[in-house]
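Chain A is the first sequence line, chain B the second, and so forth, proteins listed ahead of strands; every chain is numbered from 1.
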2 protein chains.
Amino acid sequence: MQSKPTTIKEIARILNISPSSVSRGLHDHPSIGAVTREKIKQLAKSLNYEPNNAAILFQKGKTYTIGVILPELSEHFFSTAISAIEDEALKKNYTVIFAQSHDDYEQEVKLVEKMKNQRVDGLLVSISKDTCKFDHFEKLNSFNIPVVFFDRIPPFKNVHYVACSLESATVKAVNYLLKKGHRSIGMINGPTTLYASDERKEGYMQAITFNRLKFDPSLIVNCDLTEKGTIEAANQFLNHKRKPTAIVAFNDYVALFLIKYFKQLNVINDFDVVSYANLPIISYLDHSPVASVEQYPYLQGQKAANILLDLIASPNSENQAFYNTIVESDLVVNEVKE
Amino acid sequence: MQSKPTTIKEIARILNISPSSVSRGLHDHPSIGAVTREKIKQLAKSLNYEPNNAAILFQKGKTYTIGVILPELSEHFFSTAISAIEDEALKKNYTVIFAQSHDDYEQEVKLVEKMKNQRVDGLLVSISKDTCKFDHFEKLNSFNIPVVFFDRIPPFKNVHYVACSLESATVKAVNYLLKKGHRSIGMINGPTTLYASDERKEGYMQAITFNRLKFDPSLIVNCDLTEKGTIEAANQFLNHKRKPTAIVAFNDYVALFLIKYFKQLNVINDFDVVSYANLPIISYLDHSPVASVEQYPYLQGQKAANILLDLIASPNSENQAFYNTIVESDLVVNEVKE
DNA sequence: CGAAATTAATCAAACGTTTGCGTTGTTTTT
DNA sequence: AAAAACAACGCAAACGTTTGATTAATTTCG
């Protein structure tokens, strides 16, 4: 049963022709006659010939592989995004390899190194929470490996990226709450190190000032995104002199913790919660957020993948233009069902 | 900036020694003197030498890559499982490539073919809903590519697999409901083609007969797992002459649809629901299932990956023993919080 | 009919690394 | 002092495929 895979050489030997002719025959090269071509193809089929990919890749110096580095695959947002990436890659016959940074900077650096060693043709990255330095990506430049960031992107423009405009989405969210009549709106924001926290804060402030309201910094609480941190933030709001009547949660997990806590305290009906949608079934909650910011993970993955494949296809690296793609996020209002 | 990566040849040329010595030096081969070795390593480092993986893989005829084929990455169960697989693979310096069948048999066949072409060292598979034939995996045998199935496994023993014992878990679930006093228990089962449906049915029957109750086949309803199908199943129960007071749902999605529907009808308090846990936040629901069968996706992925890596490491293929690993699933009782 | 163009195939190098075997010198053993 | 052992390295083949250059045979055309 140990059948060694058939090779081109083998076919050539049997047919008494040269390996190069076999190779050309299989690729419909014009310089191979129709009869020989057919003989080659038939024998190849009957011997179950399969091209040795490793050899081809080695020969061509390409891997037809794109790497994906992301924080945590089991988060719904990322698994959806990578699902899209895989779908797009498959269309162009690329293979996807991926690895998780588990939100650890050191690990991310190692993985970038590993991907480079694997000689991926390109890299898609969603950076870890801890990542503030970006040297590890610069190395890839000299190896001509294009990088496209998605969703969790570095805070500067001279890279390719696809991301959601959380700022404008936050504006929409706060506007929605203001229109519902809320006058004191709290925000549970993420750590200050996160770019996404800036965006949310910016959006919040824009909406507030645009509506000629006074911005109260104490209504934005930074939080480490754990359950404990969320509860502490919630307590700040409950004891606030201008107790908010609506809260913008950093993400669905925070919203979940918040709603759970408020239900325990039996004050859930005093608040409207708006969140950012990562989790698919959050709308099934009884006291689900009144609205959610949809970040279109599938679309983001799709766009990022296609940009990367474009970059790989056209090695005109001297073109200094950077793809800075913004996926407009939408505010999805949940129907009230009480 | 177009720096071509440094090669062993390059280093050899500069140092005026042979490539083989460089290779051996870098691998601490004893037949290379300490001084030369150090010279080699220093130059390699200063030239940023990175081994060309494609060349190594080609040369060794191994890819250090394992393939994973699963139905749908965005399902929490699978993204958790593959996350575990990646973690285990990384420990042994293997790379993971994956692809989604999207629960389509034809697609699965193609993907197996593609994985074989990629010459993966081994394959982990969770089969699609549609898969009834298994010829496409047999081909891998002759290429000496080991396959380990996980979770969604074929219905026979002469393959390697890791799976949950849904049968015993279902016994536990039904027993739990019986102990709670329920005497008429409905089950929303999956399509009859699915092995998992058999297991659930078996478990149900075992628990019922063991408790010396009469088994009523009309209390098990097969369902296509859509929302519509779930509602139809629910209606059968509502109109049943022995209207059940508890229901075992095929999975969390079904449970979700069911609970939603029951809430609409305002009969949610007439039922206890038990489900199989795929979704992480289902316990946050107000009327969440009273208990869930935990299937340990991370553990399953971990075990499957390790078995596969074992099989790859020991090519004594004449050993006819098959790994048939059962991960005992547990019934997790949710605290009542009403 | 001979030169040019076309067709069909071959040759050989190349991609980067590994590895069995051979070849030097030098040191140790008896 | 000859034989054996060893240390340190080079040679060359091999892995499977692709591709530019070349050759040989055939056809076309002026």
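- Remark: the backbone N or O of A/Ser83 is paired with a side-chain donor or acceptor of B/Gln100 at under 3.5 angstrom.
- Spacing between atom CZ of B/Arg37 and atom P of D/dA7 amounts to 13 Å, rounded to whole angstrom units.
- Two rings, from B/Phe58 and A/Phe58, have their centers less than 6.0 Å apart.
- We find that CD1 of A/Ile8 is positioned 16 Å from P of C/dC11, with the value rounded to whole Å.
- Sorted by residue number, the members of residues 39-66 of chain B with any non-hydrogen atom under 4.0 Å from DNA chain D read B/Phe58, B/Gln59.
- With A/Tyr64 as the aromatic partner, A/Lys62 meets the cation-pi criteria of under 6.0 angstrom to the ring centre and within 45 degrees of the ring axis.
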Ring pair (Phe, Tyr, Trp, His ring centres under 6.0 Å) assessment of B/Phe322 paired with B/Tyr161: CA-CA 8 Å; B/Phe322 287 105; B/Tyr161 67 74; 9.4 Å; no

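- Scanning both residues, B/Asp121 and B/Ile312, for their nearest heavy atoms gives O-CG1, 3.4 Å.
- If you check the side chains of B/Thr6 and B/Glu50, you find no donor sitting under 3.5 Å from an acceptor.
- Aromatic ring pairs are classed by plane angle as parallel below 30°, tilted from 30° to 60° and perpendicular above 60°; the pair B/His160 and B/Tyr323 is tilted.
- The ring of A/Phe149 has its center closer than 6.0 angstrom to the ring center of A/Phe137.
- Heavy-atom nearest nucleotides on DNA chain D were determined for B/Arg119 and for B/Ala34, and the one closer to the 5' end corresponds to B/Ala34.
- Atom NZ of B/Lys110 sits in a sparse spot, with 12 or fewer heavy atoms from other residues, nucleotides or ligands closer than 6.0 Å.
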- request: Give the intermediate values and the outcome of side-chain hydrogen bond (donor to acceptor under 3.5 Å, both in side chains) for residues B/Thr131 and B/Ser128.
  value: CA-CA 5 Å; B/Thr131 304; B/Ser128 91; 2.8 Å; yes

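- For the pair A/Lys9 NZ and C/dT10 P, the computed distance is 16 Å after rounding to whole Å.
- Residues from residues 12-33 of chain A with heavy atoms under 4.0 angstrom of DNA chain D, sorted by number: A/Ser20, A/Ser23, A/Arg24, A/His27.
- Five base pairs at each end of the helix from C/dC1-D/dG30 to C/dT30-D/dA1 define two local axes, and these are offset by 50° (rounded to 10°).
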